[in-house]
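I have placed the structure first, in the form of structure tokens, so that the comments after it can refer back to it.
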Protein chains: 2
Amino acid sequence: MLDRLGDRWTVLVLVELSKGTRRFRELERAIPGISQRMLTLTTKRLCRDGLVERTVYPTTPPQTDYRLTPMGKSLGGMVSALADWSRDHRDAITAARERWDDSDL
Amino acid sequence: MLDRLGDRWTVLVLVELSKGTRRFRELERAIPGISQRMLTLTTKRLCRDGLVERTVYPTTPPQTDYRLTPMGKSLGGMVSALADWSRDHRDAITAARERWDDSDL
DNA sequence: CCGTATCCGGTAGGATACTG
DNA sequence: CAGTATCCTACCGGATACGG
């Protein structure tokens, strides 16, 4: 199951959805670099795992809402905390890398 | 930087090291399925990022200890929490998948 | 707008063999 | 024991085109 978290896009989608309900296109724009294909695959897997719920409104043009289930929210919280951590420590890690690259090769 | 967390082996190594100092072989045995190659690559990257420290004892046979740095510990705690979460919810997720697979295809 | 289907190149990573 | 080096393949995932 950690395998699923070992997926870049899954983490990013969870982070975005933990901020609130999103439509397909909103997710696509909120996650730079994701392809349409990967977004559908990722959301589908999350639905299958019972972490995300999909609501389809048969309007024209069609609209689809994605939101976290209770289980998804509990996971989303932890993943968001991880995202915050990585933001807070980015500089420290960059510095560590430069130190390493200098001393080594 | 989340990219690094979006790596299966990195997460597992962090979880194991957050339990304490480990030798190379101990890590290899503690993480089923990891190859020697991936273990060296993963530990090297973690060292480079300043999350893990390596201590080499020039004995025969040689011995190498890996341990988390303070920064690594703060991350390791969060990642371990994630591992606990996935253990606690494995059944619920498996059930959700079966429900999905039945209703869909 | 919200997907699905097909093609296809790059690379992650396993297997293996070899050093110190 | 603790790595490094080389080969080789499967699969991930981007690009594109199309359907509802």
Side-chain angles (χ1 to χ4, degrees), chain A residues 1-17 20-49 51-68 100-101 103-105, chain B residues 1-17 20-49 51-68 100-101 103-105:
Chain A
M1 212 295 117
L2 280 179
D3 306 7
R4 190 57 35 87
L5 296 172
D7 175 42
R8 184 186 178 186
W9 300 124
T10 299
V11 173
L12 294 176
V13 168
L14 280 176
V15 168
E16 186 59 24
L17 282 182
T21 300
R22 293 286 184 272
R23 303 180 48 178
F24 187 85
R25 207 110 227 292
E26 290 175 332
L27 283 175
E28 198 170 9
R29 263 180 276 114
I31 303 176
I34 197 172
S35 63
Q36 202 175 23
R37 171 188 156 86
M38 287 320 292
L39 184 53
T40 44
L41 284 179
T42 303
T43 51
K44 189 176 291 183
R45 278 196 292 247
L46 287 171
C47 286
R48 180 168 178 261
D49 292 344
L51 297 168
V52 164
E53 257 178 3
R54 232 172 60 119
T55 315
V56 180
Y57 301 99
T59 58
T60 51
Q63 177 174 343
T64 312
D65 282 358
Y66 295 90
R67 102 197 50 189
L68 294 180
W100 176 276
D101 292 345
S103 62
D104 188 53
L105 78 123
Chain B
M1 213 293 117
L2 280 180
D3 307 7
R4 191 56 36 87
L5 295 173
D7 175 42
R8 185 186 178 187
W9 299 125
T10 300
V11 172
L12 295 176
V13 168
L14 280 175
V15 168
E16 186 58 25
L17 282 182
T21 299
R22 292 287 184 272
R23 303 179 49 175
F24 187 86
R25 206 111 225 294
E26 289 175 333
L27 284 174
E28 196 170 11
R29 264 179 277 115
I31 303 176
I34 196 171
S35 62
Q36 203 174 22
R37 170 189 156 86
M38 286 320 292
L39 184 54
T40 44
L41 284 179
T42 303
T43 52
K44 191 175 290 184
R45 278 195 291 247
L46 287 171
C47 286
R48 179 168 179 261
D49 291 346
L51 298 167
V52 165
E53 258 178 2
R54 232 173 59 120
T55 315
V56 181
Y57 302 99
T59 58
T60 53
Q63 176 174 345
T64 312
D65 283 358
Y66 294 90
R67 103 198 43 176
L68 294 180
W100 176 275
D101 292 344
S103 62
D104 189 51
L105 77 123

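Here is the naming used below: chain letters follow the sequence lines, and residue numbers restart at 1 for every chain.
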Within this structure, what is the [atom1]-[atom2] distance for the pair [X] and [Y], rounded to the nearest 0.5 Å?
X      : Y       : atom1 : atom2 : result
R48(A) : D101(B) : CZ    : CG    : 4.0 Å
F24(B) : T40(B)  : CZ    : OG1   : 5.5 Å
Y57(A) : Q63(A)  : OH    : CD    : 7.0 Å

Going by the rule side-chain hydrogen bond (donor to acceptor under 3.5 Å, both in side chains), which residues pair with R22(A) if we only count those two or more places apart in sequence or in a different chain?
E16(A)
Which heavy atom of V56(A) sits nearest a heavy atom of P58(A), and at what distance?
O-CD, 3.7 Å
Closest heavy-atom pair and its distance - L17(B), Y66(B):
CD2-O, 3.5 Å
Does T10(B) have any side-chain contact (heavy atoms from CB on, under 4.5 Å) partners at least two apart in sequence or in another chain, and if so, which?
R4(B), D7(B), L14(B), T42(B), L46(B)
Test item: L39(A) and W9(A) side chains (from C-beta on) under 4.5 Å apart, heavy atoms
no
Going by heavy atoms in the side chains, are V52(A) and L68(A) under 4.5 Å from each other?
yes
Anything under 3.5 Å between a donor and an acceptor, one on a side chain of residues 26-38 of chain B, the other on a protein residue two or more places apart or in another chain? List them.
| unit_1 | atom_1 | unit_2 | atom_2 | d |
| --- | --- | --- | --- | --- |
| E26(B) | OE1 | R23(B) | N | 2.7 |
| S35(B) | OG | M38(B) | N | 3.3 |

What contact category does Y57(B) fall into here, base, sugar-phosphate, or nothing, at under 4.0 angstrom with non-hydrogen atoms?
nothing
Nearest whole Å is fine: how far is dA2(D) C1' from K44(B) NZ?
11 Å
Without decimals, in angstroms, what is the distance between L27(B) CG and dA2(D) P?
9 Å
Side-chain N or O of Y66(B) closer than 4.0 Å to phosphate OP1/OP2 of dC1(D)
no
Identify the 5'-most and 3'-most nucleotides of DNA chain C with at least one atom closer than 4.0 Å to a non-hydrogen atom of chain B.
dG13(C) to dG20(C)
Expected string for nucleotides 5-20 of chain D under the B/S/- scheme (protein heavy atoms, under 4.0 Å, primed atoms plus P, OP1, OP2 as sugar-phosphate) is --------BBB----B
Between the axis at one end of the helix from dG3(C)-dC18(D) to dG20(C)-dC1(D) and the axis at the other (five pairs apiece), what's the angle to 10 degrees?
40°
